Amino acid sequence: MDLITAIMSRRSCRKYKPDEVPRDKIERILQAANWAPSGRNWQQWEFLVVTGEKREKIGKLYGEIVAERWPEPQARTSEQRIFLHWAETLGDAPVVIVALTRTDADPNTRKMNLESTAAAFQNLLLAAYAEGLGTCWMTGPLRREEELKKLLEVAEDREIVALTPLGYPLEWPSPPPRLDSDLSQKVRWIK
Ligand SMILES: Cc1cc2nc3c(=O)[nH]c(=O)nc-3n(C[C@H](O)[C@H](O)[C@H](O)COP(=O)(O)O)c2cc1C
């Protein structure tokens, strides 16, 4: 698959087969992440590969976050129920990958570290897609980042940048339309 096709056809997957993902595939994906550009070449990302009980607990936490922001169960729309089910189960994906970076008291350095790790995370998503695997970038669970850090034994000087389930897709969503497909609003050419 060529790169532009991969960039344009990758989608956020929210339904997975429960099949295990071979370790060598996960390692290839993490290698692609590790080759991202980084501020000052600090390569300031780290990844947690979470399975089993802790993966279940991440889903439980995300489910609680979603549920507490929404109306009482009987007043929920079917779309809200579907989304809550996704949050609670993480779409039945067998693996969750968590991206961490070093936090920093200096806002510029902190931003640089976050950007470097975001670049690595996008590499990870695209590499997973090239391996026939689904992902879904998630920051929703970070509403309870401190609890997540405790659960995953993340050091004080690290922050969680994003999480994604990882697994074989059961179904892909259709592509969301571009808000400005001819880029007439989003791009300004300055001479
Ligand atoms: C920074 C960021 C945070 C996101 N957080 C969540 C999330 O918490 N839960 C979720 O279901 N999707 C999340 N998404 C996925 C977006 O909803 C998705 O990328 C968007 O709807 C476009 O769909 P596509 O990825 O299939 O192109 C996030 C994506 C990004 C880039």
Side-chain angles (χ1 to χ4, degrees), residues 1-16 29 32-33 36-37 44-48 50 54-70 76-101 103 110-149 151-152 154 159-181 183 185-186:
M1 186 188 306
D2 77 90
L3 181 60
I4 301 296
T5 306
I7 288 170
M8 291 190 171
S9 57
R10 175 217 54 83
R11 296 274 72 81
S12 293
C13 178
R14 296 187 179 85
K15 282 189 183 171
Y16 297 84
I29 292 165
Q44 51 274 69
W45 45 71
E46 288 163 23
F47 300 99
L48 308 175
V50 188
K54 297 224 168 171
R55 191 225 74 104
E56 299 293 318
K57 287 190 175 160
I58 295 173
K60 186 170 177 289
L61 189 74
Y62 187 27
E64 286 171 13
I65 291 167
V66 170
E68 71 199 13
R69 296 172 64 79
W70 278 353
R76 285 176 195 152
T77 64
S78 64
E79 268 185 2
Q80 287 175 329
R81 278 192 218 115
I82 290 168
F83 195 86
L84 178 60
H85 180 72
W86 137 249
E88 284 169 341
T89 60
L90 297 173
D92 290 330
V95 181
V96 170
I97 297 187
V98 182
L100 312 176
T101 196
T103 193
R110 180 169 178 240
K111 189 169 177 176
M112 183 180 80
N113 291 349
L114 290 169
E115 290 188 18
S116 301
T117 307
F121 206 62
Q122 176 68 354
N123 274 13
L124 185 150
L125 262 53
L126 290 171
Y129 184 54
E131 293 279 349
L133 295 166
T135 54
C136 181
W137 189 315
M138 299 188 298
T139 54
L142 301 186
R143 286 182 180 275
R144 303 225 324 236
E145 185 180 355
E146 284 312 311
E147 279 171 69
L148 267 179
K149 282 179 72 172
L151 173 71
L152 303 170
V154 174
E159 60 185 298
I160 302 178
V161 180
L163 304 85
T164 180
L166 180 76
Y168 293 97
L170 191 61
E171 66 176 49
W172 291 108
S174 41
R178 293 303 89 190
L179 297 178
D180 179 32
S181 58
L183 297 178
Q185 309 297 314
K186 289 188 183 289

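Atoms within each ligand, like the ligands themselves, are counted from 1 in listed order. If you're wondering where the values come from, they're calculated on a predicted model, not measured in any experiment.
Residues meeting the side chain to side chain contact (heavy atoms under 4.5 Å, CB included) test with A130, sequence neighbours left out: none. By the side chain to side chain contact (heavy atoms under 4.5 Å, CB included) test, S174 is found to be paired with no residue, residues two or more places apart in sequence or in another chain being considered. The ring pair (Phe, Tyr, Trp, His ring centres under 6.0 Å) search around F121 returns W137, not counting sequence neighbours.
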Between ligand 1 and the protein, tabulate every N or O atom pair separated by less than 3.5 Å, reporting distance only.
residue  : atom   : partner : partner atom : Å
ligand 1 : 5 (N)  : W137    : O            : 3.4
ligand 1 : 5 (N)  : T139    : N            : 3.1
ligand 1 : 8 (O)  : Y62     : OH           : 3.3
ligand 1 : 8 (O)  : T139    : N            : 3.3
ligand 1 : 8 (O)  : G140    : N            : 2.7
ligand 1 : 9 (N)  : Y62     : OH           : 2.8
ligand 1 : 11 (O) : R14     : NE           : 3.0
ligand 1 : 11 (O) : R14     : NH2          : 3.3
ligand 1 : 11 (O) : W86     : NE1          : 3.1
ligand 1 : 12 (N) : R14     : NH2          : 3.1
ligand 1 : 14 (N) : W137    : O            : 2.9
ligand 1 : 17 (O) : R14     : NH2          : 3.2
ligand 1 : 19 (O) : S12     : OG           : 3.3
ligand 1 : 25 (O) : R10     : NH1          : 3.0
ligand 1 : 25 (O) : R10     : NH2          : 3.2
ligand 1 : 25 (O) : S12     : N            : 3.4
ligand 1 : 25 (O) : S12     : OG           : 2.6
ligand 1 : 26 (O) : R11     : NE           : 3.0
ligand 1 : 26 (O) : S12     : N            : 2.8
ligand 1 : 27 (O) : R10     : NH2          : 3.3
ligand 1 : 27 (O) : R11     : NE           : 3.2
ligand 1 : 27 (O) : R11     : NH2          : 2.8

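Looking at T101, its side chain does come within 3.5 Å of a backbone N or O of Q44 through a donor-acceptor pair.
Donor-acceptor pairing under 3.5 Å is lacking for the side chains of D92 and T89.
A salt bridge is absent between K60 and E56; no separation between the charged side-chain nitrogens and carboxylate oxygens falls under 4.0 Å.
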